[in-house]
Q: 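Handing you this structure, nothing more for now.
When reading the values below, keep in mind they use all heavy atoms of this one structure, side chains included, and skip hydrogens, waters and symmetry mates.
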Amino acid sequence: MHPSETSSDGSGLHERIYEIVRQIPEGRVATYGQIARWAGRCTARMAGYAMAAVPFSSDVPWQRVINSKGEVSTRSHGDGHVEQRDLLEAEGVVFNARGRVDLGQYGWSGPGISEQEMNDLLWRG
DNA sequence: CTTTTGACGCGTA
DNA sequence: CTACGCGCCAAAA
């Protein structure tokens, strides 16, 4: 464990959020607001801040978290958002001409629901 | 202890 | 569609 990432070993809000993000299936995305809601006592902004604090070598699929508009959020410093989109496309997530994702199609329904049921929901509308 | 720093969301005009 | 403001609060320095 790197000294820079020794904090938050289980009792922090960030860790809670990471636990949720870890459950997002490959090829799917979730919004900051959804993450916050599922994490409990957390706001969308908190989720965003938590994502900003994700260590480089982490098993948290941070790329699957986007904003409510279905677009990859541009951050203040760095060009990670470019990599984020690239990683998502590599997972099969399709962006439209405006660089947005159809949340109705790729949006994750949240923890506790199986892929099978998710698929069923998509088919039945 | 205090201060700084943010990957957001939503209502309103 | 764009622009603007405000609410919200943890974690690191």
Q: Nearest of dG6(B), dA11(C), dC10(B) to any side-chain atom of Leu13(A)?
A: dA11(C)
Q: Within a reach of under 6.0 Å around CG of Asp79(A), are more than 12 heavy atoms found that belong to other residues, nucleotides or ligands?
A: no
Q: Hey, does Val54(A) have a side-chain heavy atom less than 4.5 Å from the side chain of Val21(A)?
A: no
Q: Between dG7(C) and Arg45(A), counting only base atoms on the nucleotide and side-chain atoms on the residue, is there a donor-acceptor pair under 3.5 Å?
A: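 Check passes, donor-acceptor contact within cut-off.
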Q: Rounded to whole Å, please give me the gap between NE2 in His14(A) and P in dT5(B).
A: 16 Å
Q: Would you classify Ala53(A) as touching base, sugar-phosphate or nothing, given that sugar-phosphate means primed atoms plus P, OP1 and OP2, and contacts are heavy atoms under 4.0 Å?
A: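 Result for Ala53(A) = nothing.
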Q: Measure CH2/Trp38(A) against P/dG9(B) and give the value in whole Å, please.
A: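 Atom CH2 in Trp38(A) sits about 12 Å away from atom P in dG9(B).
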Q: Does the side chain of Thr43(A) get closer than 4.0 angstrom to OP1 or OP2 of dG9(B) through an N or O atom?
A: no
Q: Map Met46(A) and Gln34(A) onto DNA chain B by nearest heavy atom, then report which one ends up closer to the 5' terminus.
A: Met46(A)
Q: Provide, to the nearest angstrom, the distance between the NE2 atom belonging to His77(A) and the P atom belonging to dT5(B).
A: 14 Å
Q: If you only use heavy atoms from C-beta on, which nucleotide in dC8(B), dG9(B), dA10(C) is closest to the side chain of Thr31(A)?
A: dG9(B)
Q: Hydrogens and angles aside, do Arg45(A) and Tyr49(A) bring a side-chain donor and acceptor to less than 3.5 Å of each other?
A: yes
Q: Grab the CZ-C1' distance between Arg98(A) and dC1(C) for me, whole Å please.
A: 9 Å
Q: Considering residues, nucleotides and ligands other than Arg85(A), do more than 12 of their heavy atoms fall under 6.0 Å from its CZ?
A: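 For Arg85(A), atom CZ is crowded (more than 12 foreign heavy atoms under 6.0 Å).
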Q: Can you measure Tyr49(A) atom OH to dC8(C) atom C1' for me and round it to whole angstrom units?
A: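 From Tyr49(A) OH to dC8(C) C1': 7 Å.
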Q: Distance check needed: dG7(C) C1' versus Tyr32(A) OH, whole Å only.
A: 19 Å
Q: What is the separation between atom CZ on Arg37(A) and atom P on dC8(C), rounded to the nearest whole Å?
A: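 It works out to 19 Å between those atoms.
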Q: For Gln84(A) and Gln63(A), indicate whether the former's side chain and the latter's backbone hold a donor-acceptor pair under 3.5 Å.
A: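 Yes.
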Q: Please state how far atom CD1 in Ile17(A) lies from atom P in dC9(C), giving the value in whole angstrom units.
A: 13 Å
Q: From the list dC10(B), dC1(C), dC9(C), which nucleotide is the closest neighbour of the side chain of Ser68(A)?
A: dC10(B)
